[in-house]
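First the structure, in the form of structure tokens, and then the observations on it.
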Protein chains: 2
Amino acid sequence: MDDFVEQLKALGDETRIKIIRLLSEAKVDLCVCEIMDAIEDSHCNISRHLKILKTAKLVKESKQGKWVYFSLATPKDPFHESVLHAVSSIMDEHFFNDSKRLKLRLSLREKEKCVDGLKSEKWARALELLATMVPRPDDKNKKREKSYYGEK
Amino acid sequence: MDDFVEQLKALGDETRIKIIRLLSEAKVDLCVCEIMDAIEDSHCNISRHLKILKTAKLVKESKQGKWVYFSLATPKDPFHESVLHAVSSIMDEHFFNDSKRLKLRLSLREKEKCVDGLKSEKWARALELLATMVPRPDDKNKKREKSYYGEK
DNA sequence: CTATCATATGCACAGAATTGAATATGTGAA
DNA sequence: TTCACATATTCAATTCTGTGCATATGATAG
């Protein structure tokens, strides 16, 4: 029983929902700094949230040298499956910016591996470029999102 | 987005999962004292948890005089549906005693309405009788449950 | 109107969760 | 070995959550 409660508790947080969603949309494992840049949160926070998700057995990690890649843990019971399904059923709109940034971030990979770390110049430039190209209805801009979608 | 987080947060608590499960198994609306006796928690706690579930739009209430009946809110989006489905997919074992007590409690109704309040003598007797009749692998008896099912 | 009873809420407190800043760990490169 | 860097952890401060107790609310019965 504690396991179910723990998984639900782990998902009762916006950042962690975003991480799960990011991992389920990405076709590949993601390293900590990629998740961090996609979600735009501090490094140590992302690291901590990932630990919580790992303890709840929602994600698993694989170390490759100093890089650590995360992916969704494969569900081992119907509850785990439904709970993942629930996260998948949240409308794309709410993750629009995260997944846009993730795509851009993944485009910086070389040989399918992350090569840009904490304060990557390349990423800073890419982000700026992105900002000039498309208007960004950011999650932080609540009012605007509200009038677009009706706040879900 | 906040709504999804709120629903998940509301479900990240054992008592509240039990309430949701109780309401989804019961074919009828349940009043506060019935839920309280089935789950064996204090009255004010159940009342508060119900409020949290109501705020998260997971349950709805209907007042009938001094009695207040609760039932599951009908889901208005796929996320809400999946999340309920997740709770349904938890194995029955974990709610065995609750639902047993609920059945007994519902048998005290008259004309399909609850007539036993906070410290019902009738319920006290019924509970004692139940205790003498079947061994109770209670949730509090962790060791025993563990050896039976392997603690989930 | 008053007493009773189902239910809700305010208060106080303990434990849990979240976060930023600083520091630690461990690995690969020089 | 030593440095640089990706990631993890510790610390401290703050906020949030769950709960018991006492009390409030609001409806029914007498």
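In the text below, chain A, chain B and the rest are named by the order of the sequence lines, each starting its count at 1. Every heavy atom of this structure was used, including side-chain atoms; hydrogens, water molecules and symmetry mates were not.
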Quick one: does NZ or CZ of B:Lys113 land under 6.0 Å from the six-membered ring centre of B:Tyr69, within 45 degrees of the ring axis?
yes
For atom [atom1] of [X] and atom [atom2] of [N], their distance in whole Å:
| X | N | atom1 | atom2 | answer |
| --- | --- | --- | --- | --- |
| B:Glu14 | D:dG18 | CD | P | 13 Å |
| B:Leu118 | D:dT25 | CG | C1' | 14 Å |
| A:Leu53 | D:dA8 | CG | P | 12 Å |
| A:Ile35 | D:dA6 | CD1 | C1' | 13 Å |
| B:Leu30 | C:dA6 | CG | C1' | 15 Å |
| B:Asp116 | C:dT7 | CG | C1' | 16 Å |
| A:Lys63 | D:dA6 | NZ | C1' | 11 Å |
| B:Trp67 | C:dT4 | CH2 | C1' | 12 Å |

Taking protein heavy atoms under 4.0 Å as touching, what does nucleotides 16-28 of chain C look like 5' to 3' if B marks base contact, S marks sugar-phosphate-only contact and - marks none?
--SBBB-----SS
Is there a donor-acceptor pair closer than 3.5 Å between any side-chain N or O of B:Ser47 and the backbone N or O of B:His43?
no
Does B:Gly117 offer a backbone N or O that forms a donor-acceptor pair with the side chain of B:Ser120 under 3.5 Å?
no
Report the residue from B:Lys18, B:Lys100, B:Arg101 that forms a salt bridge (Lys or Arg N to Asp or Glu O under 4.0 Å) with B:Glu40.
B:Arg101
Side-chain N or O of B:Lys51 closer than 4.0 Å to phosphate OP1/OP2 of C:dA8
no
Side-chain donor-acceptor pairs under 3.5 Å in residues 25-32 of chain A, sequence neighbours left out?
from	atom 1	to	atom 2	distance (Å)
A:Glu25	OE2	A:Arg21	NE	2.9
A:Lys27	NZ	A:Glu25	O	3.1

The criterion is side-chain contact (heavy atoms from CB on, under 4.5 Å); which residues satisfy it with A:Ser88, sequence neighbours excluded?
none
